[in-house]
Amino acid sequence: MQGAGIRAFGAAVEILDLPESYELQETDVLIEVRAAGVGNWDEIARNGGWDLGIVPPMALGVEASGIVIAVGSSVHRFAEADEVLTHPVPLRHQGAWAERLVAVEATVARKPPDMSWPTAALFPVPALTAGQVIHHWLQVQRGEPLLIHGAGGVTGGLLVAVAASAGARVVAVASSQDRERIVAYGAQVVLDYHDTSWPAQARAIFGPHGAPAAVNAVRGGAARLIAMVADGGRLVTTTSDGPPPERGVTVTNFYVSSDGELLEKLAIDFVARHLTISLARHDRLPDAAAALAAVVSGHAGGGVVLVPNS
Ligand SMILES: NC(=O)c1ccc[n+]([C@@H]2O[C@H](COP(=O)([O-])OP(=O)(O)OC[C@H]3O[C@@H](n4cnc5c(N)ncnc54)[C@H](OP(=O)(O)O)[C@@H]3O)[C@@H](O)[C@H]2O)c1
């Protein structure tokens, strides 16, 4: 089986000939991958900073869409030919940048018919992040103001979409070219991060005390964002850069968890609102290193997917 990944932690991404043989366990779902997402988190996994449950040589990739081609004996939610998406960590066999992927049933979601393969491949990690941050960690209430920093990214955009669905009044910080998409996701205000007066503009909106809650999705952005949070408020960051708590502000360094049922609910809501994720590029497996480099730059301009069987 062809995959794209690493021979050792820290090694360059290359095309790999991986063992096909795998004995399907009771709760396993075998998926023919139609598209796999590429995220900055894959760079962390490449360097060994995220334990995915397997060791090199291994395909990278932690999110995918595809078609079920076999199921284990106790799988009851899925059958052959079902169209699915998944964030399948801990990995059972190989990563998602491969022709086939094994995922535990509990991590798999049904793909809504109107969701494209690339969108479904880009959706799992950002959507689960958004669902878990907004509902579990921040417990955002209807009508509550929320500041989202880095809203132009794939994860940032999903944070806006899920927060808006929960009834939050979202103030987003992003590049002005992303304004239209972020407003469609449900933000009430979009501030341009290239304009150095955005913190003052945010303060004018939230009032002198600051925002009751904020989410950071920009590498190294949390230390500055905490100044925008009101005393006793909540700050969640997705980029492992949470500063020490101050003024009673709760600071959370967030890490995503697999959850097929939550993923399915989020996908249904996203499609019902006619939302999509903009695709910056799609590559074949031999071009995985270039795809990852584009994402790691932090300015890919949209989602990046690998298409194994094209
Ligand atoms: N811990 C977890 O479980 C978890 C889960 C999901 C995501 N993440 C992390 O969250 C981060 C964001 O993910 P993503 O999927 O949204 O990445 P992405 O799609 O690559 O987007 C990055 C975005 O950040 C914007 N940006 C860069 N500098 C900025 C600044 N100073 N102010 C405001 N926006 C800025 C970029 O805008 P321009 O291109 O316009 O500059 C771009 O839209 C990544 O580091 C990812 O690894 C972590």
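Please read all numbers here as calculations on a predicted model, not as lab measurements. All ligand and atom numbering here is 1-based and tracks the order in the structure.
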In terms of residue, atom name and distance, what is the protein heavy atom nearest to [atom]?
atom: atom 3 (O) of ligand 1; result: Val256 N, 2.8 Å
atom: atom 45 (O) of ligand 1; result: Asn40 ND2, 3.2 Å
atom: atom 13 (O) of ligand 1; result: Thr155 OG1, 3.5 Å
atom: atom 19 (O) of ligand 1; result: Val154 N, 2.9 Å
atom: atom 5 (C) of ligand 1; result: Thr129 OG1, 3.1 Å
atom: atom 39 (O) of ligand 1; result: His299 ND1, 3.1 Å
atom: atom 4 (C) of ligand 1; result: Thr238 O, 3.7 Å
atom: atom 32 (N) of ligand 1; result: Tyr193 CG, 3.2 Å

Query raised in the report: So which of Trp198, Trp50, Phe254, Trp41 gets nearest to atom 2 (C) of ligand 1, if we judge by its closest heavy atom?
Result: Phe254
Query - Option set Gly152, Gly298, Gly153, criterion heavy-atom distance to atom 36 (C) of ligand 1, minimum - result: Gly298
Query raised in the report: Hey, are Glu83 and Arg34 close enough for a salt bridge, meaning a charged N less than 4.0 Å from a carboxylate O?
Result: no
Query - Numbered atoms and elements of ligand 1 in range of Tyr255, under 4.0 angstrom, heavy atoms - result: 1 (N), 3 (O)
Query raised in the report: Which of the atoms of ligand 1 are close to Ala217, meaning less than 4.0 Å from one of its heavy atoms?
Result: 11 (C), 12 (C)
Quick check: does [X] get an N/O under 3.5 Å from an N/O on ligand 1?
X: Val295; value: no
X: His194; value: no
X: Ser175; value: yes
X: Val218; value: no

Report task. Would you name the heavy atoms of Ala163 and Ile148 that are closest together and state the gap between them? Result -> CB-CD1, 4.2 Å
A side-chain contact here means heavy atoms from C-beta on lying under 4.5 Å apart; do [X] and [Y] qualify?
X: Leu30; Y: Leu24; result: yes
X: Val256; Y: Trp41; result: no
X: Met228; Y: Leu225; result: yes

Report task. Begin from the C-alpha positions of Arg110 and Asp82 and carry the test salt bridge (charged side-chain N to carboxylate O under 4.0 Å, His left out) through to its verdict. Result -> CA-CA 7 Å; Arg110 205 166 290 281; Asp82 283 352; 3.2 Å; yes
Mind checking whether [X] has a heavy atom under 4.0 Å from ligand 1?
X: Gln177; value: yes
X: Ala300; value: no
X: Gly156; value: yes
X: Ala174; value: no

Query - Residues that Ser197 engages under side-chain hydrogen bond (donor to acceptor under 3.5 Å, both in side chains), provided they are two or more places apart - result: Asp195, Gln201
Requested in this report: Would you list the pairs meeting ring-ring contact (aromatic ring centres under 6.0 Å, His included) in which at least one residue belongs to residues 213-240, sequence neighbours left out?
Outcome: none
